[in-house]
Amino acid sequence: MADIAGNYYLCNMMDIDKTLEALGRGEWVRAGAKDSPEISELLGRCTAACHRYNSLPPDAAADRDALLRSLLGECGPGAVIHSPFRCDFGFNIHIGANFMGNFNLAILDEARVTIGDNVMIGPNCSLITITHALDAAQRNAGVMTGRPITIGDNVWIAAGVTVLPGVSIGAGSVIGAGSVVVKDIPAGVLAVGAPCKVVRPITDADVISQYI
């Protein structure tokens, strides 16, 4: 096999910001802990911040909100994430207004994650932007890339859903429990399964006519 160092960005040979930009653009980088103490430090800081956030009691709403806003790249008004919550960097996560993330939400944000307004994510969900080389030698050498995830306004992602790198979910759609979303989902549909597929549009017939 050709020398891997000649074919991929090496984090210790370039500015850390350029490495993160290359990762977020979907370029392959070699960013293992041995090659990039800077990235390891960023991951460590985020781990510590998530630990502090998860250690705060639910009734410490102001402190939790302040810490969440310091951790994330953007966090709209009324956003709430229940503990435990885990992310990799935090600064690549951009959340709109009135977001609700239930417990055990994990966001691996090596690339940008954009979440619109009025989005609900159920418990035990994962948004994963990072992927690793399939070749074992390259994977062991820390070769990886990232692709962004975009979730439109008014989306509901039910319990136990995994959203994989590069996926966009259109506004108003619902992703059924346990789904694995491997490709884009259009707006205004119900989609379920592993891999996740569109079942049908969401229509006026889905409006509940009576409720207390």
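In this chain, numbering begins with 1 at the start of the sequence shown.
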Discussion item. Just so I know, are the side chains of Asp206 and Arg200 near enough to count as touching, which here means a heavy-atom distance under 4.5 Å?
Written reply: yes
Worksheet item: Can you find a heavy atom in the side chain of Phe99 that is under 4.5 Å from one in the side chain of Ile81?
Response: yes
Worksheet item: Can you tell me if Asn54 uses its side chain to pair, donor with acceptor, with the backbone of Ser83 under 3.5 Å?
Response: no
Worksheet entry | Heavy-atom pair of closest approach, residues Leu190 and Ile202 | N-CG1, 3.8 Å
Discussion item. Are the side chains of Arg86 and Thr47 in contact, using a 4.5 Å heavy-atom criterion?
Written reply: yes
Worksheet item: Any side-chain heavy atom of Leu67 sitting closer than 4.5 Å to one from Arg52?
Response: yes
Fill in: Closest contact, heavy atoms only, Gly122 versus Asn102
C-CB, 3.5 Å
Discussion item. Between Thr129 and Arg112, is the side chain to side chain donor-acceptor pair (under 3.5 Å) condition met? List the steps.
Written reply: CA-CA 8 Å; Thr129 68; Arg112 184 182 175 102; over 6 Å; no
Worksheet entry | Val167 with Val192, same ILVMFWY side-chain cluster at under 4.5 Å | no
Practice prompt. With Ile115 as reference, evaluate Val155, Ile157, Ile149, Leu127 under the side-chain contact (heavy atoms from CB on, under 4.5 Å) test and give the passing residue.
Written response: Leu127
Worksheet item: Do you know which two heavy atoms are closest between Gln210 and Ile208, and how far apart they sit?
Response: O-CG2, 3.3 Å
Worksheet item: Distance-only, no hydrogens or angles: does the Ser126 side chain make a donor-acceptor pair with backbone N or O of Ile128 under 3.5 Å?
Response: no
Worksheet item: Is there a side-chain contact (heavy atoms from CB on, under 4.5 Å) between Arg30 and Gln138 once you walk through the steps?
Response: CA-CA 9 Å; Arg30 180 173 168 180; Gln138 293 181 332; over 6 Å; no
Worksheet item: Looking at side-chain heavy atoms only, is the closest gap between Cys46 and Leu71 below 4.5 Å?
Response: yes
Worksheet item: Out of curiosity, does Leu105 fall in the hydrophobic cluster containing Ile151 (side-chain heavy atoms, cut-off under 4.5 Å, transitive links)?
Response: yes
Discussion item. Test your reading of the model: is there a side-chain donor-acceptor pair from Ser179 to the backbone of Ala194, 3.5 Å cut-off?
Written reply: no
Worksheet item: Would you say the side chain of Ile95 lies within less than 4.5 Å of the side chain of Leu72, judging by non-hydrogen atoms?
Response: yes
Worksheet item: When you check the gap from the basic side-chain N to the acidic O, do Arg64 and Asp59 get nearer than 4.0 Å?
Response: no
Worksheet item: So, for Trp28 and Ala133, which heavy atoms are closest and what is the spacing to 0.1 Å?
Response: CZ3-N, 3.7 Å
Worksheet item: Does a donor on one side chain sit under 3.5 Å from an acceptor on the other, for Arg25 and Thr145?
Response: no
Practice prompt. With the side chain counted from C-beta on, respond yes when Ile175 and Ile185 share a heavy-atom pair under 4.5 Å apart, and no when they do not.
Written response: yes
Worksheet item: Can you name the nearest heavy-atom pair linking Gly146 to Ala111, along with the distance?
Response: C-CB, 3.9 Å
Discussion item. Using the rule given for side-chain contact (heavy atoms from CB on, under 4.5 Å), can you reason through Leu20 versus Val29, listing the C-alpha separation, both sets of side-chain angles and the distance that settles it, and then say yes or no?
Written reply: CA-CA 9 Å; Leu20 292 170; Val29 302; over 6 Å; no
Worksheet item: Is it true that Val113 and Ile39 fall in one hydrophobic cluster, defined by side-chain heavy atoms closer than 4.5 Å?
Response: no
Worksheet item: With the 4.5 Å side-chain cut-off for hydrophobic clustering, are Val80 and Phe85 part of the same group?
Response: no
Practice prompt. Ignoring hydrogens and angles, tell me if any N or O in the side chain of Asp63 forms a donor-acceptor pair with the backbone of Leu56 under 3.5 Å.
Written response: no
Worksheet entry | For Trp156, the option from Ile121, Val174, Val119 that meets side-chain contact (heavy atoms from CB on, under 4.5 Å) | Val174
Worksheet item: Among the clusters formed by ILVMFWY side chains lying less than 4.5 Å apart, do Leu108 and Val181 turn up in the same one?
Response: no
Discussion item. Quick one about Asn98 and Asn118 (side-chain donor to acceptor, distance below 3.5 Å, no hydrogens or angles considered), yes or no?
Written reply: yes
Worksheet item: Once you round to the nearest 0.5 Å, how far does CG of Asp109 lie from SG of Cys87?
Response: 5.5 Å
Worksheet item: How many angstroms lie between atom CG of Leu164 and atom CD1 of Ile130, to the nearest 0.5 angstrom?
Response: 13.0 Å
Fill in: Shortest non-hydrogen contact from Ala177 toward Ala158
N-CB, 3.6 Å
Worksheet item: With a 4.5 Å heavy-atom cut-off, do Phe89 and Leu43 have their side chains touching?
Response: yes
Item to complete: Return the set of residues passing ring pair (Phe, Tyr, Trp, His ring centres under 6.0 Å) with Phe103 (not counting sequence neighbours), or none when no residue passes.
Response: none
Discussion item. Distance check, rounded to the nearest 0.5 Å: Glu21 atom CD versus Glu27 atom CD?
Written reply: 10.0 Å
Worksheet item: For the side chain of Asp117 and the backbone of Ala97, is there at least one donor-acceptor N/O pair under 3.5 Å apart?
Response: yes
Practice prompt. Can you measure from CD (Glu110) to CG (Asp88) and round to the nearest 0.5 angstrom?
Written response: 4.0 Å
Fill in: Value rounded to 0.5 Å, distance of CE in Met100 from CE in Met120
5.0 Å
Worksheet item: Do Asp65 and Arg69 meet the salt-bridge criterion of a basic N to acidic O distance under 4.0 Å?
Response: yes
